[in-house]
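For this chain, numbers begin at 1 and follow the sequence in order.
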Amino acid sequence: MSQRTAFGATALVAALVLAGCSAGESVDIDGPSESTGGQTLVAAIGGEPDQLDPQKTSSYFSFEVLENVFDTLVEPDENLEMQPALAESWEVSDDQLTWTFTLRSGVTFHDGSEFTSEDVVYSYERIIDEQLSNAWKFSSVTDVSAPDDTTVVITVAQPTPNLLSNLGGFKGMAIVEQGNVESGDITTAPVGTGPFSVAEYTAGDHITLAANPDYWGGAPELGGVEYRFISEPATALAALKAGDIDWTDVVPAQQVGELEGDDALTLGVTPSSDYWYLALNEAKEPWNDVRVRQAIAYAIDRDAIVQAVSYGTAAQNQLAIPEQSFWYTPYDEYSTDLDRARALLDEAGFTGGTLDMLATSDYPETVTAAQIIAANLEPLGISVEIRQPDFSTWLDEQNSGNFDMLMMGWLGNIDPDDFYYSQHHTDGTSNAQKYSNAEVDELLDAARVETDPDTRKDLYGQAATIIADEASYIYLYNPSVIQVWSPAVSGYETRADRAIRFRETALTD
């Protein structure tokens with residue numbers, strides 16, 4: 001979704017074409033054959049990864065697999081607070097410009113080679129030097145060094161309070177093995193340090209992971225995980241009920257009510273840190289007039305959109321950050337008010353016309369919402385023409401500015417910087433709507449270097465309020481994470497960041 005990750009950001013599930021092997025071809029991965037003896041959990045995900053290089057993919061389907069294969073220096077816990085991972089501890093200098101990480105000793109990659117600080121330096125320099133999609137996370141970093149095998153020093157040009165979330169917020173920042181990258185094998189046969197290793201990849205069908213008995217966090221109870229690619233929710237749910245699979249996130253929101261009453265299944269519904277929004281192209285008239293954007297914000301029926309796309313499982317929100325977050329700012333300016341919308345359009349001298357709405361068939365919720373928005377805007381004399389290209393074409397159209405309005409979502413947000421900076425700063429890398437406000441720039445720049453959490457929260461709250469007031473984005477809702485699994489599965493929980501972690505999961509007969 002918008003170029004984050006997936007999550008991260010990222011803006012995110014673009015290509016579903018497997019790189020490196022053709023459909024039906026099976027790739028067996030050499031590596032440790034020892035097993036923990038546990039059962040293999042069968043998981044159905046909605047599509048096939050485009051590749052398995054964590055630093056290059058932007059596909060959520062890839063990260064559903066790679067979450068269990070790779071590690072980051074630090075990682076978010078269930079509350080999205082950063083905890084030790086490959087780094088067991090860290091210190092920050094008094095001037096906030098030097099971060100010193102102490103690495104775990106005795107960690108090995110899946111092929112048995114030793115993990116050291118040089119792997120961290122190589123991984124980060126690869127992202128920076130090749131200008132990969134997550135290079136912006138190192139924008140304040142001036143140096144990454146390894147004074148010894150268990151120490152990594154990161155120097156920054158300015159205080160960077162979100163450095164930990166940048167390094168560990170999602171597996172796009174994973175530590176990779178240089179030989180695995182240089183051989184090219186990482187795209188289909190990645191080597192990580194995580195709780196599971198890739199044992200087999202059959203293109204178009206499944207990926208099988210094997211438990212890593214030497215995992216630094218303790219060997220998983222599962223013997224492995226098999227990911228099957230099932231795009232149809234009815235097929236996935238039928239397979240789950242029949243016992244052919246054990247877990248899936250291919251779950252239509254309209255069936256949540258029915259699944260809640262099914263004792264033969266376990267349903268997980270958790271508020272997410274994702275958000276969905278509308279953006280009007282401010283490089284075009286009349287959308288460069290704040291009054292016209294505000295009029296559209298007053299005209300749309302958020303309640304109808306939320307009900308139609310999520311069947312009530314999403315939380316309506318007029319800012320990006322969800323209510324459960326420390327960084328949440330209350331805001332409820334835009335109740336549906338056609339009279340207010342008409343008055344704003346009259347003031348702007350806009351008497352009606354056609355609006356080119358960019359949705360995508362790969363995200364049906366955008367099409368559903370667009371249809372509601374078209375009905376909402378019709379009384380204002382605005383005719384909405386809905387386009388539904390595939391997502392890769394959608395990205396091209398967004399990046400070229402070929403739209404009047406679009407709808408999309410951002411996944412994988414943790415730090416408030418993730419929610420606002422690249423999207424709304426004048427120089428933001430994902431500011432496709434071409435919004436520019438000097439006061440917002442100043443607030444976002446100040447918040448980026450502010451180390452006091454309360455002061456930082458206030459700065460982001462001020463910026464977010466202006467962003468919403470001026471309708472840089474017209475925010476719609478925060479969706480829920482919806483997953484369902486067999487009662488035989490234990491030790492698994494849905495997470496607000498959509499990370500699929502099976503390291504502590506068990507499967508019983």
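Taking a cutoff of 4.0 Å between a charged side-chain nitrogen and a carboxylate oxygen, Asp289 and Lys284 do not qualify as a salt bridge. Residues Arg293 and Glu282 are paired through a salt bridge, judged by an N-O separation under 4.0 Å between the basic side chain and the carboxylate. Ionic pairing of Arg498 and Glu64 is not present here: no N-O contact between side-chain nitrogen and carboxylate oxygen is shorter than 4.0 angstrom. The pair Glu75-Arg503 meets the salt-bridge criterion, with a side-chain N (NZ, NE, NH1 or NH2) lying under 4.0 Å from an Asp/Glu carboxylate O.
Legend: residues meeting salt bridge (Lys or Arg N to Asp or Glu O under 4.0 Å) with Asp339, ordered by chain and number and at least two apart, are Arg342. A search for side chain to side chain contact (heavy atoms under 4.5 Å, CB included) contacts involving Val181 returns Tyr122, Arg126, Val176, Ile186, not counting sequence neighbours.
For an aromatic pair to be called close, the ring centres must be under 6.0 Å apart, and Phe502 with Trp247 satisfies this. Separation of the Tyr298 and Tyr334 ring centroids falls under the 6.0 Å cut-off.
The distance from the OG1 atom of Thr235 to the CG atom of Leu240 is 12.5 Å, given to the nearest 0.5 Å. Annotation: the span from Leu355 atom CG to Ile296 atom CD1 amounts to 5.5 Å, rounded to 0.5 Å. In this structure, OG1 in Thr208 is found 5.0 Å from CD in Glu200, a value given to the nearest 0.5 Å. A distance of 4.0 Å separates CD in Gln55 from CD1 in Ile127, rounded to the nearest 0.5 Å. Expressed to the nearest 0.5 Å, how far CD1 of Ile500 lies from CG of Leu66 amounts to 12.5 Å. Taken to the nearest 0.5 Å, the CG atom of Asp497 stands 11.5 Å off from the CZ atom of Phe170.
In the model, Glu48 has a side-chain atom that pairs as donor or acceptor with a side-chain atom of Tyr201 under 3.5 Å. In this model, no donor atom of one side chain and acceptor atom of the other lie less than 3.5 Å apart for Trp410 and Asp274. A donor and an acceptor atom, one from each side chain of Asp50 and Ser62, are located under 3.5 Å apart. Glu397 and Asn402 share a donor-acceptor pair across their side chains, judged by distance under 3.5 Å alone. Gln316 and Asp303 form a side-chain donor-acceptor contact under 3.5 Å, judged by distance and modelled atom types alone. Of the N and O atoms on the side chains of Thr426 and Asp441, at least one donor lies less than 3.5 Å from an acceptor on the other residue. No side-chain donor from either of Gln255 and Tyr311 sits under 3.5 Å from a side-chain acceptor of the other. Between the side chains of Asn68 and Tyr227, a donor-acceptor pair is found at a separation under 3.5 Å. Residues Ser383 and Glu378 bring no donor and acceptor atom of their side chains to less than 3.5 Å of each other. Ser392 and Asp390 are linked by a side-chain donor-acceptor pair at a separation below 3.5 angstrom, with hydrogens and angles left out of the test.
With a 6.0 Å cutoff to the six-membered ring centre and a 45° limit on the axis angle, Arg387 does not count as a cation-pi contact of Trp394.
Of the possible polar contacts, one joining the Ser272 side chain to the Pro479 backbone as a donor-acceptor pair under 3.5 Å is found. Side-chain atoms of Thr72 do not come within 3.5 Å of backbone N or O of Leu167 as any donor-acceptor pair. Side-chain atoms of Ser335 never come within 3.5 Å of backbone atoms of Asp332 as a donor-acceptor pair (strictly under, hydrogens ignored).
Other residues, nucleotides and ligands place more than 12 heavy atoms under 6.0 Å from the CD atom of Glu130. Annotation: Asp129, atom CG; neighbour count of heavy atoms from other residues, nucleotides and ligands within 6.0 Å is above 12. In this structure, Gln254 places its CD atom where more than 12 heavy-atom neighbours from other residues, nucleotides or ligands lie under 6.0 Å away. Around the CD atom of Glu333, the shell of radius 6.0 Å holds more than 12 heavy atoms that belong to other residues, nucleotides or ligands.
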* To do: Start with the C-alpha gap between Glu226 and Arg228, add the side-chain angles, then the distance that decides, and say whether salt bridge (charged side-chain N to carboxylate O under 4.0 Å, His left out) holds.
  => CA-CA 6 Å; Glu226 179 183 314; Arg228 297 180 186 173; 2.6 Å; yes
Exercise for review: I would like to know whether Thr57 and Phe63 meet side chain to side chain contact (heavy atoms under 4.5 Å, CB included); could you show each step before the answer?
Suggested key: CA-CA 8 Å; Thr57 185; Phe63 287 116; 3.7 Å; yes
Worked check of side chain to side chain donor-acceptor pair (under 3.5 Å) between Gln423 and Asn431: CA-CA 4 Å; Gln423 302 93 322; Asn431 186 354; over 6 Å; no
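Ring geometry for His424 against Tyr420 counts as tilted: the plane angle lies between 30° and 60°, on a 0 to 90° scale.
Checked against Tyr477 for a side-chain contact (heavy atoms from CB on, under 4.5 Å), the options Asn317, Ile305, Thr313 give a single hit: Ile305.
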